[in-house]
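Read through the structure below, which is laid out as structure tokens, and then see the notes.
Below, chains carry the letters A, B, ... as their sequence lines are ordered, and counting in each starts from 1. Just so it is clear, the model here is predicted, and its values are computed rather than measured.
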Amino acid sequence: MSLEDRLFEQRYQKIREIEALGFSAYPRKFAYPHTAAEISAKFEPVSGEDLEAQKVQVRVCGRLMTVRRQGKAGFCHIQQEGERLQIYVRKDEVGEAAFELYKKLDAGDIIGIEGLVFRTKTGELTVRAERLEFLAKAILPMPEKWHGLQDIEIRYRQRYLDLIANRQVREVFVKRDRIIRALRDALTQRGYLEVETPMMQQIYGGALARPFETHHNALDIDLYLRIAPELYLKRLVVGGLDRVFEINKNFRNEGLSMRHNPEFTMLEFYQAYSDYNDLMDLSEVLLRAAAEAANDGNPEVEFKGQKINFGKLRRLSMKEAIVEFWPNDETRPVPADLDDPKRVAELVDIYNGTIDSPLSLPAGASAGSCIQALFEHACEANLIQPTLIYDYPVEASPLSKKKPDDPNWVERFEIYAGGMEIANAYSELNDPQEQRRRFEQQVDQREQGEREAHEMDEDYIRALCYGMPPTAGEGIGIDRLTMLLTGSNSIRDVVLFPLLRPEGEIGVAERLRAAEESPDEH
RNA sequence: GGGCGCGUAGCUCAAUUGGCAGAGCAAGUGACUCUUAAUCACUAGGUUGAAGGUUCGAUUCCUUCCGCGCUCACCA
């Protein structure tokens, strides 16, 4: 038998021993009027003398994290909701059976305590136990108590262990909650209605990406997990829900990276009777609110060693950005150069001369595609402070309204921070005739082998035929925003259960079976 | 998919140009009624990710495979 198996059996055996002391192995409940955090917060300001005088009685529960036994007494710390609280157990105060229980406890066990709050000699707020209750057993051992759980793979695969052992992980997800709440509150206050639209779609759209495919048996139809909720949300705007938003998952069947998880959370919101200029202003408000919510009111956060200030949102046109971040002073273009297709082709050649491997552009790529590629390569990684990039080439924006004065450009903006795209917005194309033509262009591209081109969605065009008010819409990537606002380098650090390769044999069922069959040592 | 790196006790980490595989924590036994990474004594714990190769001898060098991380390409 391996050491690991022996540890498992030893701990499993303790369940029987604890039952023999008269405790239930898996009791039903433990009523606790105070959390560990509440006790700390409420009594931290109170002096030891006052605590003695007040005889403050509390009931508290949590996971045993450290144990220090000293013969007929001892200290331990429990952890509840990320907060630790010290417990003092004395044999002469809890009684024989409870003290025997205390001696058998392992780090990781769940216990309940009733007792008086006091201060130790060193001043630490502590509960002096009068009653001790056993609530659940940790049969598997806790990670190393000092270093925590370092193994990245185990942290992601067994997030529950990560959350127990690494308290800063909990903080990230608390902040994530605050960020989402701040965004939700800000929109709700502005008259927005929160809705849910289909995750399973017969025609996927609203973005350019490869979908996950699935099948519904009763209807015998193929369905796609949505790549975006956009087209459904705009149907709702047609239906008179003038301000709608949805915070939910999107699914894209693409690679994994530090910034990509196949399922990720998007906030999308649509505002009727508005254009993208209105959303620029709103974006500034939303990002600041999210940053302040995550960071105790301070809009400046630290990400990868850089201070990023979400109190400001710089605005640059895409053309201006390319000029600003052009890598070579001698060949730097002026914005007007980017309106001339021949000049754009020259600039791509010049640009390729300054970098190791040329931009990957298909033969005969349009000027717009070239401009977008130049922007992404030259600018994206350099946009550290929150920056709003506006006015995009029409080619890769099949759902955006064109600029009134130039049909090659659309009213679209994206927001970048920390070198990552975190938001995408545009004045929504609401002319069904124009939308039909754009879809048909996308279908042509698809036939030429562009897997990510948009499909024709005739019901969506039908909806536009009933009239959609002028509308602007935006999507904000919640995971990436959370990365920025929590200083997390990887999207996996802000997603509780990121997608991983399947794990090998776990073997815990076999161990439990073996433990059950092994003879009782008592 | 390409490139680079890592894999040693349950956990966190050592191991000298290739020469007996170690420590702390966790675990077991004992002592201890104000400790806090409790302390002290003793005990147990390893197919060094897997398979092959070179060598008198491999955790160490080579090959292949598996897993993970970083990075580039694609994408948000």
> Over how many whole Å does the gap from A:L161 atom CG to B:C11 atom P extend?
Replying inline: 11 Å
> How long is the line joining CD of A:Q70 and P of B:C34, in whole Å?
Replying inline: 5 Å
>> List the residues meeting salt bridge (Lys or Arg N to Asp or Glu O under 4.0 Å) with A:E447, not counting sequence neighbours, and say none if there are none.
In response: none
> Is the aromatic ring centre of A:W146 closer than 5.5 Å to the centre of the six-membered base ring of B:G24, with the two planes inclined by less than 30°?
Replying inline: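 Whether judged by distance or by angle, A:W146 falls short somewhere, so it does not stack on the base of B:G24.
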>> Do A:L85 and A:Q80 have side chains that approach each other closer than 4.5 Å (heavy atoms only, starting at C-beta)?
In response: no
>> Would A:R69 pass as a cation-pi partner of A:Y102, given that its NZ or CZ must be under 6.0 Å from the six-membered ring centre and within 45 degrees of the axis?
In response: yes
> For RNA chain B, what string of dots and brackets results from 5' to 3' when Watson-Crick and G-U pairs need both distances under 3.5 Å, crossing pairs get [ ], and pairs with another strand get |?
Replying inline: (((((((..((((.....[..)))).(((((.......))))).....(((((..]....))))))))))))....
> Which letters describe nucleotides 39-45 of chain B, given B = protein heavy atom under 4.0 Å from base, S = only from sugar-phosphate, - = neither?
Replying inline: -----SS
>> Tell me whether the side-chain N/O atoms of A:R68 come closer than 4.0 Å to OP1 or OP2 in B:U35.
In response: no
> Do the side-chain N or O atoms of A:K145 get closer than 4.0 angstrom to the phosphate oxygens (OP1, OP2) of B:A26?
Replying inline: yes
> Can you name the one residue among A:R68, A:R63, A:R84 that meets side chain to side chain donor-acceptor pair (under 3.5 Å) with A:H77?
Replying inline: A:R68
>> Could you check whether A:F375 and A:Y416 have their ring centres less than 6.0 Å apart?
In response: yes
